[in-house]
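Before any comments, here is the structure.
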Amino acid sequence: MRKMKRILALAMALIMVLSLLSFASCGSGSDEDETTTASSGGSSDDSGSSSDDSGSSDTSLAGTYDITIWAAEEAQELTQSQVDAFNESNEYGITINATIEAVSEADAGTNMITDVEAGADLYCFAQDQFNRLVEAGALAKLGTAASSFVTENNSVDAVAAVTTGSEIYAYPMTADNGYFMYYDKSVIPEEDVDSLEALIADCEAAGKYFAMETNTSAWYLAAFFFATGCVSEWTTDDDGSFISINDTFNSDAGLIAAKGIQKLVTSSASLSSSAAEFESGAAVCITGIWNYSTISEQLGDNMGVADLPSFEVDGTSYHLGSYSGYKLIGVKPQTDAVRQAVLHQLAQYLTSYECQMERFEALSWGPSNVEAQESEEVQANPGLAALLEQNEYATPQGQIHGSWWDIAKVIADDIKAAETEDDLKQALQNYEDKIASLFTMSDETANAFTVIGTVNGDSWATDLAMTADGDIWTTDEAYDLVEGDEFKVRKGLSWDEAYPADNYVVETAGTYYIQLDASTGEVSLIAAE
């Protein structure tokens with residue numbers, strides 16, 4: 001309840017901000033929105049609010065602002081230098097005193113929705129968290145000028161990643177959250193890199209692994225379905241709520257994809273992992289640019305990179321597809337119109353061509369900015385070049401219901417167990433039935449918390465019921481947990497809201513109830529008496 005009050009308060013504050021900005025824009029007779037328009041000029045206190053003893057009505061963003069930024073640990077130093085450069089170069093007289101905290105893009109969303117009010121003013125987050133942040137009121141909607149900045153400078157798919165309904169809520173920062181193929185050139189002949197069947201045969205003959213997270217991640221599994229022309233497209237309204245889906249996995253094309261999946265998952269070489277597994281005996285690994293440095297160190301001159309291969313069914317070849325995804329920068333709604341405008345100015349600077357190129361040069365992060373993507377430096381990076389080549393076959397990762405990831409990844413297990421074509425068809429039918437159930441879920445189920453993980457010997461396949469007492473949710477029974485067991489508490493059988501940000505890891509074996517304080521997101525173990 002306290003979290004809901006905070007969200008409502010921020011929503012009301014955002015309405016006030018937009019009202020102030022609209023008034024200021026009309027008064028100035030300009031087309032500027034919240035990215036350039038402020039209230040009265042003058043000095044600025046630590047909160048970023050402005051005052052002017054002369055009573056001047058001139059508009060100005062000038063002043064000193066204390067803000068908090070969440071950025072990945074490896075990007076902290078660079079982010080600080082970019083903020084310093086913004087202070088020196090901006091034409092508005094803005095000075096930012098930034099406290100930059102190390103929060104990964106994967107954790108930022110959960111941390112924000114746990115307590116929006118206490119969250120960072122500006123934060124970097126992964127695209128798959130976008131919808132729940134919109135629904136939680138944790139992202140300030142962009143106005144006309146800011147939206148134009150996004151659409152004019154970034155790829156079409158990157159713009160789609162920050163859009164729900166007809167509104168834009170964030171700034172694209174990278175376009176490198178996709179995957180391609182690394183391979184060991186001492187094992188894989190160059191002429192085999194385009195054929196899934198040949199690659200599997202090479203791995204089997206050498207006693208090596210083909211590492212692709214087919215059984216543990218729908219993100220990778222979808223590559224086979226996209227190869228045959230299947231789609232899974234979710235529709236959201238302007239508030240970020242899912243209202244429909246167009247999914248064709250259960251189809252003739254989906255059956256072809258299932259046969260392709262079966263070739264890999266039934267091979268002795270199959271390893272369901274997307275980590276850099278070459279030191280563990282892999283000869284092929286499907287992963288992303290984030291593992292480039294690690295794999296380069298592991299393989300040295302034997303490292304090969306390429307787009308994904310094709311598989312063949314009934315004499316027809318199908319090039320594996322993939323997801324293309326993005327890292328984004330979000331602005332938290334502010335109660336002060338001037339401060340809000342300043343944050344949007346900084347967000348635009350941090351996602352500009354210059355800053356995206358600096359991230360590429362320092363961290364090998366792939367830019368979403370079109371000009372940066374076309375630069376000689378980016379094109380010359382082998383990993384990014386392979387990713388950009390694979391992007392020709394990629395499906396932009398739009399807004400996806402949090403429950404879909406668990407529903408889709410089970411397909412590979414069912415396919416591995418299938419003995420007949422009818423079994424494959426049944427696997428696809430089971431998937432379709434589970435998708436349909438998301439739109440008939442009761443409000444009680446959608447708002448209930450459950451536990452999922454390696455609890456009771458289960459492996460992230462079964463949700464365990466919890467009962468609420470106010471904000472406190474507790475499992476209906478105590479479970480025998482061993483040291484190293486991992487789990488999360490999630491809402492509505494979905495990953496849109498799940499705690500803690502990283503998996504909870506059991507330190508001491510025992511029999512425990514699992515408890516969540518929904519007002520704070522704190523997860524704890526209660527020893528059974």
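Along the sequence shown, the residues carry numbers beginning at 1.
- At distances below 3.5 Å, at least one donor-acceptor pair connects side-chain atoms of Q129 with backbone N or O atoms of A106.
- Taking the ring centroids of F360 and W365, they lie at or beyond the 6.0 Å cut-off.
- Atom CD1 of residue I69 and atom CG of residue L350 lie 6.0 Å apart, to the nearest 0.5 angstrom.
- With S270 contributing its side chain and S267 its backbone, the two residues share no donor-acceptor pair below 3.5 Å.
- Side-chain contact between I100 and Q80 is present, with at least one heavy-atom pair separated by less than 4.5 Å.
- Enclosure of atom CD in E74 by more than 12 non-hydrogen atoms of other residues, nucleotides or ligands within 6.0 angstrom is indicated.
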**OP:** Take Y179 and Y220, measure what ring pair (Phe, Tyr, Trp, His ring centres under 6.0 Å) needs, and give me the verdict at the end.
**Re:** CA-CA 8 Å; Y179 44 92; Y220 291 93; 4.6 Å; yes
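- Each of L139, L328, T163, V331 was scored for a side-chain contact (heavy atoms from CB on, under 4.5 Å) with Y169, with one residue passing: L139.
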Subject >> Verdict with supporting geometry, Y431 and D247, side chain to side chain donor-acceptor pair (under 3.5 Å) >> reply: CA-CA 10 Å; Y431 163 80; D247 188 289; 2.5 Å; yes
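- Contact annotation: the side chain of N154 never approaches that of V370 to less than 4.5 Å [non-hydrogen atoms, C-beta and beyond].
- In this structure, N430 CG and I435 CD1 are separated by 12.0 Å, a value rounded to the nearest 0.5 Å.
- Y323 and F226 have perpendicular rings, their planes meeting at more than 60° on a 0 to 90° scale where under 30° would count as parallel.
- Of the candidates K434, K488, R490, R490 is the only one forming a salt bridge (charged side-chain N to carboxylate O under 4.0 Å, His left out) with D406.
- The pair K263-E312 fails the salt-bridge criterion, with no side-chain N (NZ, NE, NH1 or NH2) lying under 4.0 Å from an Asp/Glu carboxylate O.
- No side-chain heavy atom of Y123 sits less than 4.5 Å from a side-chain heavy atom of I329.
- Under the 3.5 Å distance criterion, the side-chain polar atoms of Q356 are matched with a main-chain donor or acceptor of S368.
- Between the N503 side chain and the V505 main chain, no donor and acceptor come within less than 3.5 Å of each other.
- Counting only distance, with no hydrogens or angles, the side chain of E73 and the backbone of A102 share no donor-acceptor pair below 3.5 Å.
- Remark: I400 CD1 to N131 CG distance equals 9.5 Å, nearest 0.5 Å.
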**OP:** Decide yes or no on side chain to side chain donor-acceptor pair (under 3.5 Å) for D314 and T316, but give the supporting numbers first.
**Re:** CA-CA 6 Å; D314 297 330; T316 301; over 6 Å; no
**OP:** Begin from the C-alpha positions of E213 and K409 and carry the test salt bridge (Lys or Arg N to Asp or Glu O under 4.0 Å) through to its verdict.
**Re:** CA-CA 9 Å; E213 204 169 349; K409 74 178 183 181; over 6 Å; no
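- For the 3.5 Å distance criterion, the side chains of Q429 and D433 qualify, holding a donor opposite an acceptor.
- In plain terms, the two heavy atoms of P172 and A170 that are nearest each other are CD-O, 4.0 Å.
- A donor and an acceptor atom, one from each side chain of T68 and T99, are nowhere located under 3.5 Å apart.
- Under 3.5 Å, the side chains of T110 and R132 contain a donor-acceptor pair of N or O atoms.
- For E101, the CD atom is densely surrounded, since the number of other residues' heavy atoms within 6.0 Å is greater than 12.
- Between D192 and the choices V284, D202, V187, the side-chain contact (heavy atoms from CB on, under 4.5 Å) rule is met once, by D202.
- Y326 is listed as a side-chain neighbour of S155, based on a closest heavy-atom distance under 4.5 Å.
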**OP:** Give the intermediate values and the outcome of ring pair (Phe, Tyr, Trp, His ring centres under 6.0 Å) for residues Y499 and Y504.
**Re:** CA-CA 8 Å; Y499 305 99; Y504 190 105; over 10 Å; no
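- Using cut-offs of 30° and 60° on the angle between ring planes, the pair F249 and F225 is parallel.
- Screening W234, W404, F439 against F242 for a ring-ring contact (aromatic ring centres under 6.0 Å, His included) leaves a single residue, W234.
- Each of T508, V455, T454, T511 was checked for a side-chain contact (heavy atoms from CB on, under 4.5 Å) with L481, and the lone residue meeting it is V455.
- Q82 contributes a side-chain N or O that, together with a main-chain N or O of C355, makes up a donor-acceptor pair within less than 3.5 Å.
- A donor-acceptor pair is defined here as one N or O able to donate and one able to accept, closer than 3.5 Å; no such pair exists between the side chain of N391 and the backbone of A394.
- With contacts defined as side-chain heavy-atom distances shorter than 4.5 Å, the pair Y349/E354 does not qualify.
- F311 and I256 get closest at one heavy-atom pair: CE1-O, 3.8 Å.
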**OP:** Check the pair T266 / Q262 against side chain to side chain donor-acceptor pair (under 3.5 Å), numbers first and verdict last.
**Re:** CA-CA 6 Å; T266 58; Q262 194 172 46; over 6 Å; no
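- The side-chain heavy atoms of Y171 and L142, taken from C-beta on, include a pair separated by under 4.5 Å.
- Looking at heavy atoms from C-beta onward, I295 lies in side-chain contact with T287 at the 4.5 angstrom threshold.
- More than 12 heavy atoms of other residues, nucleotides or ligands lie within 6.0 Å of CG in D423, so this atom counts as buried by the packing criterion.
- Counting only distance, with no hydrogens or angles, the side chain of N291 and the backbone of T294 share no donor-acceptor pair below 3.5 Å.
- Side-chain atoms of M173 and C124, non-hydrogen and from C-beta on, do get closer than 4.5 Å to each other.
- A donor-acceptor pair under 3.5 Å links the side-chain atoms of D176 to the main chain of G366, judged by distance alone.
- Between atom CD1 of residue I411 and atom NZ of residue K416 there is a gap of 16.0 Å, rounded to the nearest 0.5 Å.
- Judged by distance alone, the side chains of H319 and D194 never bring a donor and an acceptor atom under 3.5 Å apart.
- Of the possible donor and acceptor atoms, none in the side chain of D107 sits under 3.5 Å from a partner among the backbone N and O of S104.
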